[in-house]
There are 2 protein chains.
Amino acid sequence: MAHKVTILDIARLAKVSTTTVSRVLHNKPDVDPATRERILRIVEEQGFVPSITAAGLAAGRNPLISVLVPALTWPLIPELLLSVASVVESTSYEMVLYSISSSNHERDCGKIIDRILATRLTAGLLAVFPGQSSQHLTRLRRQGFPVVLIDDQSPPPEGIPWIGADNRRGAYEATRHLIELGHRRIAHIQGPLKYCVSHERYQGYCDALQEAGLEVDPSLVLEGDFMPAGGQRCALALLSRPASERPTAIFAASDYMAYGVIAAAETLGLRIPQDLALVGFDDNPASAHVRPALTTVRQPVHAMGEQAIKLLLEMIEQEQMPRRRRQTLPATAEESPREAPRIVLPTSLVIRESCGALQRHPSALLPEI
Amino acid sequence: MAHKVTILDIARLAKVSTTTVSRVLHNKPDVDPATRERILRIVEEQGFVPSITAAGLAAGRNPLISVLVPALTWPLIPELLLSVASVVESTSYEMVLYSISSSNHERDCGKIIDRILATRLTAGLLAVFPGQSSQHLTRLRRQGFPVVLIDDQSPPPEGIPWIGADNRRGAYEATRHLIELGHRRIAHIQGPLKYCVSHERYQGYCDALQEAGLEVDPSLVLEGDFMPAGGQRCALALLSRPASERPTAIFAASDYMAYGVIAAAETLGLRIPQDLALVGFDDNPASAHVRPALTTVRQPVHAMGEQAIKLLLEMIEQEQMPRRRRQTLPATAEESPREAPRIVLPTSLVIRESCGALQRHPSALLPEI
DNA sequence: CTGTTAGCGCATTCAT
DNA sequence: ATGAATGCGCTAACAG
């Protein structure tokens with residue numbers, strides 16, 4: 001290993017104390033400009049970079065952020081992570097990735113969360129779609145650990161800042177779009193009902209129907225699994241009904257399920273959009289490529305990631321104060337339990353071929369990369 | 001913040017010294033079984049987890065691993081990361097993610113790499129498709145920092161363990177498959193020639209043609225960009241030639257470009273696979289969903305990630321020895337510069353609809369998730 | 001404006 | 001089989 005240059009080396013070379021070096025490194029005001037200049041130069045020359053580890057130990061916190069994600073291969077996770085990463089990398093923080101891999105889903109992310117908290121490696125946690133395990137998160141949060149949640153969870157856990165998409169409105173717009181295209185028998189393939197988003201999207205679907213004076217036909221609403229297989233299964237059931245009862249349009253609660261619908265339609269010899277209009281939800285990158293290109297509701301992943309991580313960073317910066325020095329803390333202003341922010345970001349309807357609103361146009365196949 | 005329990009607390013509760021606690025935590029042999037038992041119990045009760053930071057500082061290394069990836073939204077990256085993450089999470093290491101986000105690509109990952117090395121936060125680096133910047137990596141490696149590379153780079157940088165896919169053979173098999181289906185005018189859309197893999201895949205293409213006694217027609221080989229747009233552009237050029245010169249099959253060097261070919265074919269009213277056979281390369285998750293489902297060469301991403309991270313972990317464990325203690329190092333056995341491992345993993349041809357080898361069968365649309 | 005003094009929490013000699 | 005002592009590299013009071 002090459003020689004490691006420490007702050008002490010710099011101090012010696014600059015003929016000052018390590019304290020002073022530390023000061024300029026942290027942009028403290030009280031330093032002679034000339035000295036500062038000199039130190040900076042030497043730091044540069046020597047290629048000195050402070051040891052995060054040591055700094056963290058001494059200061060009682062680390063410039064590291066935990067990011068907890070599910071499968072990683074889920075549709076929008078990489079996009080989300082990308083926007084998070086780009087924000088993180090513009091700061092001096094690093095990002096530690098924890099994924100709830102399929103295998104150890106049972107031993108729950110509870111374990112991971114314990115690890116995150118106990119180890120004190122990171123200064124905060126951004127949890128993406130943590131599923132059922134948000135109970136652990138509230139525990140974390142209650143201990144004063146900065147946590148921000150993205151989406152998910154039925155009643156968003158109290159006290160945890162939360163960022164999500166406006167699922168209900170997105171679903172409403174998708175359904176309304178189908179209604180405007182003249183459809184009257186519109187089916188809905190729901191996500192698993194254990195997820196809150198499934199209910200929200202269903203609500204949006206109902207909103208649109210009711211607004212149009214159509215009534216919700218329960219037999220046109222099936223519960224899927226967010227995966228293509230489930231979409232296909234439901235579509236098969238829906239589409240094999242007698243023509244007079246068969247839906248002319250389907251709103252699937254996820255793009256994946258919409259893929260399943262496409263497969264089912266093909267099996268039955270139904271053309272999309274001519275015989276069946278289809279709208280999905282998510283706007284997976286792949287959805288612009290499937291044939292027919294899928295009309296869908298785009299989730300504001302980029303904004304979600306960005307806002308969430310910025311919020312978390314803010315929380316962490318605030319948390320700085322109550323170091324473990326037992327000082328005459330100004331009797332702490334009663335730790336006003338400010339409402340945790342709830343940010344709901346708007347979705348947007350992306351119109352492609354599958355809903356029949358467009359002439360089939362080859363350029364629609366071009367990826368939007 | 002909840003009270004943080006330290007090793008000292010444990011020691012007090014167990015009425016032993018921190019040294020002893022440390023010993024049992026590290027499974028050192030010389031500890032009275034009864035004492036060990038007692039300590040372990042208390043550790044459990046208190047939910048004590050050692051501070052990574054402090055341990056790292058004291059021991060001179062951290063149980064952290066840097067993983068450097070490009071875009072994250074690139075086709076196979078999430079899958080790769082997934083297998084890496086699952087291995088990492090089965091150890092006591094954590095994984096720090098660095099991504100070469102689009103924006104700061106110019107300031108190069110050189111900067112990130114500096115950060116990785118200088119900061120000494122992590123004990124090793126797994127670099128995935130690092131592109132041009134592998135020069136920085138060799139520097140890292142030369143300083144004795146454990147580095148493992150996945151794929152990429154023309155002459156794989158010396159001295160760096162390297163894991164890759166057998167691009168040439170994969171391309172060979174894809175092309176041979178087309179030949180076996182009776183095609184004679186087979187075009188190839190290459191990746192950007194600045195990438196080594198593009199050449200390798202081209203070589204495989206040539207191998208198959210030559211083996212079949214066909215000659216390589218340079219006018220049937222176009223350079224693309226790995227993206228759908230480039231694939232479409234090339235396909236348009238290829239397919240608008242007079243029928244007698246038009247290729248009957250296209251082998252695209254990436255699935256993305258194959259998507260572009262599909263779009264182009266549709267524009268020109270050509271049916272796949274009836275009028276044009278198509279094979280891609282990568283096996284993106286989406287490729288099973290596009291219509292027609294894409295025949296392609298699957299990269300062994302899972303194995304690549306797993307092997308790479310395991311290799312890295314081994315290197316790190318070895319590196320342990322030469323701590324910075326100035327002991328009477330046994331005159332070091334001349335640091336035998338063992339050849340850095342080069343592991344080439346086999347690809348596999350995934351036959352779907354686009355090559356025409358299959359009857360079009362709806363179930364082929366089912367995702368393989 | 002600058003240096004001195006203590007640790008942060010743990011691992012590791014070196015004694016016993 | 002166990003403990004005392006030392007220091008990893010840095011930050012943050014507290015004096016000058």
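Values in this document were obtained by computation on a predicted structure and should not be read as measured data.
The side chain of B:His26 sits closest to C:dA11 out of D:dA13, C:dA11, D:dT2. Across D:dG7, C:dT12, D:dT11, the shortest atom-to-atom separation from the side chain of A:Ala58 is found for D:dT11. Checked against C:dT2, D:dT2, C:dC10, the side chain of A:Val31 finds its nearest nucleotide in C:dT2. Considering only the side chain of A:Thr20, C:dG3 comes nearest among D:dC10, C:dC10, C:dG3. Of the candidate nucleotides D:dT11, D:dG3, C:dC10, C:dC10 has the atom lying nearest to any side-chain atom of B:Phe48.
We find that NZ of A:Lys28 is positioned 17 Å from P of C:dG3, with the value rounded to whole Å. Computed from coordinates, the A:Ile39 CD1 to C:dC1 P distance equals 13 Å when rounded to whole Å. When the P atom of C:dT12 is taken as reference, atom CZ of B:Arg23 falls 11 Å away, rounded to whole Å. To the nearest angstrom, P of C:dC8 lies 19 Å from CD1 of A:Ile7. One can place CZ of B:Arg36 at 11 Å from C1' of D:dA1, the figure rounded to the nearest angstrom. Atom-to-atom, CG of A:Asn27 to C1' of D:dT11 comes out at 15 Å; the value is rounded to the nearest Å. Going from atom CG of A:Leu57 over to atom C1' of C:dC10 covers 8 Å, rounded to whole Å. Atom pair B:Leu8:CG and D:dA4:C1' shows a separation of 13 Å (rounding to whole Å applied).
Of the residues near DNA chain C, B:Leu25 and A:Val16, the one whose nearest nucleotide (by heavy atom distance) lies more toward the 5' end is A:Val16. Comparing B:Ala54 and B:Pro29 against DNA chain D, the residue whose closest nucleotide sits nearer the 5' end is B:Pro29.
Note on A:Ser51: every side-chain N or O is 4.0 Å or more away from OP1 and OP2 of D:dG9. For B:Thr35, a side-chain nitrogen or oxygen approaches OP1 or OP2 of D:dT2 to under 4.0 Å.
Within the 4.5 Å cutoff, the side chain of B:Phe129 has heavy atoms near those of the B:Ile150 side chain.
Side-chain atoms of A:Ser22 stay outside donor-acceptor range of the base of D:dA12, with no qualifying N/O pair under 3.5 Å. For a distance-only test at 3.5 Å, the side chain of B:Thr19 qualifies as a donor-acceptor partner of the base of D:dA4.
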Chi angles and distances behind the salt bridge (charged side-chain N to carboxylate O under 4.0 Å, His left out) call for B:Arg41, B:Glu37: CA-CA 6 Å; B:Arg41 227 197 39 242; B:Glu37 205 54 42; over 6 Å; no
Dump the intermediate steps for side-chain hydrogen bond (donor to acceptor under 3.5 Å, both in side chains) on B:Ser17 and B:Thr20, then the final yes or no. CA-CA 5 Å; B:Ser17 72; B:Thr20 305; 3.3 Å; yes
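Residue contacts shown for B:Asp30 include a base, since a base heavy atom lies under 4.0 Å away.
Look at B:Glu314 and B:Lys310 and you find no salt bridge, because none of the NZ, NE, NH1 or NH2 atoms lies under 4.0 Å from a carboxylate O.
A donor-acceptor distance shorter than 3.5 angstrom exists from the side chain of A:Arg141 to the backbone of A:Phe145, with no hydrogens or angles considered.
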